[in-house]
2 protein chains.
Amino acid sequence: MELPVLPAAQPRERADAVANRQRILDAATRLFAERGVGCTSMDAIAAEAGVGKGTVFRRFGDRASLALAVLDASETVLQESLIRGPAPLGPGAPPAERLIAFGAAMLDRLEEHLEILRESELTSHGAYLRSSPYAVHRIHVRMLVAQARPDADADYLTDILLAPLSAVTFAEQRHTRGLSLDQLKAGYGDLVARLTRA
Amino acid sequence: MELPVLPAAQPRERADAVANRQRILDAATRLFAERGVGCTSMDAIAAEAGVGKGTVFRRFGDRASLALAVLDASETVLQESLIRGPAPLGPGAPPAERLIAFGAAMLDRLEEHLEILRESELTSHGAYLRSSPYAVHRIHVRMLVAQARPDADADYLTDILLAPLSAVTFAEQRHTRGLSLDQLKAGYGDLVARLTRA
DNA sequence: AGGTCATACCGGACCACGGTCCGCTTGTGC
DNA sequence: GCACAAGCGGACCGTGGTCCGGTATGACCT
């Protein structure tokens, strides 16, 4: 027997709207992969999805949000791992270890989805720092920081630990500077170790 | 008796070009201050300077670079202080102290010119990390890091120390999060201390 | 001085893109 | 069926950035 996940407060979304959302996401995913994120205009996505441009913007608001929406599935998996997954990413390990595992997971994610993540940071006029995925990451890190260093300024430390995981920074380190993924993980591990020592 | 500063290798810049550059910079400075950076289009700057839009773009390349050019004088002062100014910002103090002084100077600069610095970061598609002011800051920090921690991965540590001084990060901490300038300086001081300990 | 020439420079028409708007259409609950 | 809001789509706007035909400038020569 199926129970509704939540008794929807709003009148339920129309069927064609749902279908269109999916078609737009599929189109975006396909075009991003085919010709690169930077070479894919919103018009092209609308055309590929067989939908008017207005529809794209109504469903997703702007380009940055559409990019994030394309990664939503992957983001959900990550969040699930943070909350209920096995240690050290999930609960059960000491905070410093969890932070290191979080950094490694984020770096893997950046390696895999760099183009799209970068796009969402660059086109959001800085608002990605207030996007919902970022907020979740922030809460997670802040909680671990507060556990590891109850004395310190948790807000500031959280920023310090999240900044090197931004897509723009990653792209620069990885591709302009030529650092390897392992170097970045090692560096981040050191950083966490130093910042969480009493 | 006047000596030419440098025996210009290129044929010297035309007088009208020089005059136009200055008029554009003045116009941009004025409009940025009057109506805010975000509300000032390149067309408006060209009009205010009494110049065609093409001229603006030829002289400055793009919006991000124009923003940086507006701050050039201030940047020059800062760089001069780093190289020849009094300790601890200039030479003579231990590296850790110089790094802290550098952070404080950068934070003051952000407090004063936030709008313009933010604009140059946001509209450069991430290329501000390869701008000449950033390159100078990077070399400076990297040198100090290498002195303080000859054993460590200087490249990575340099990124870590520069990331919290970006305009986007600063804007978020200062205005969304409501941290005070002193909190940020204190936080940065702690960061440097922890990262430079042997 | 005055004239001539190559060319750096100018300016505004032009383009593509992100994003908005609003009149028409279509699905849905009654 | 009916009414009505949710949804649609494409014309439209302002913007950053490019391009190229025409022009003014400064070097050189006489």
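Reminder, nothing fancy here: chain letters follow the sequence lines and each chain counts from 1. Remember, predicted model here, so these are calculated numbers, not experimental data. Quick note: numbers below take in every heavy atom, side chains included, and nothing from hydrogens, waters or symmetry partners.
Contact annotation: A:N20 reaches the phosphate of D:dC8 (side-chain N/O to OP1 or OP2, under 4.0 Å). A close approach under 4.0 Å does not occur between any side-chain nitrogen or oxygen of A:R21 and OP1 or OP2 of D:dG7.
A donor-acceptor contact under 3.5 angstrom links the side chains of B:D62 and B:S65, judged on distance only.
Within the structure, no pair that satisfies the salt bridge (charged side-chain N to carboxylate O under 4.0 Å, His left out) test touches residues 186-195 of chain A, not counting sequence neighbours. Each side-chain hydrogen bond (donor to acceptor under 3.5 Å, both in side chains) pair with one or both residues in residues 148-169 of chain A, not counting sequence neighbours, appears once here: A:R138-A:D159, A:R142-A:D155, A:D159-B:Q173, A:D159-B:R177, A:S166-A:T169.
For B:E111, the side-chain contact (heavy atoms from CB on, under 4.5 Å) partners two or more places apart in sequence, or in a different chain, are B:F170, B:R174, B:L181. Under the ring-ring contact (aromatic ring centres under 6.0 Å, His included) criterion, B:H140 pairs with B:F102, not counting sequence neighbours. In this view, A:E75 and A:L78, A:Q79, A:R109, A:P133, A:H137 satisfy the side-chain contact (heavy atoms from CB on, under 4.5 Å) rule, not counting sequence neighbours.
The nearest whole Å value for the distance from the CG atom in B:L122 to the P atom in D:dG16 is 14 Å. Rounded to an integer number of Å, the gap from CZ of A:R59 to P of C:dG18 is 20 Å. Protein atom CD1 of B:I45 is 15 Å distant from nucleotide atom P of C:dG11, rounded to whole Å.
If you find the closest nucleotide of DNA chain D to B:T40 and to A:V18, the one lying nearer the 5' end belongs to A:V18.
In the set C:dC10, D:dC8, D:dG9, D:dC8 carries the atom at the smallest distance from any side-chain atom of A:A17.
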Using a 4.0 Å heavy-atom cut-off, write out nucleotides 17-26 of chain D from 5' to 3' as B (base contacted by protein), S (sugar-phosphate only) or - (no contact).
-> BBB----BSS
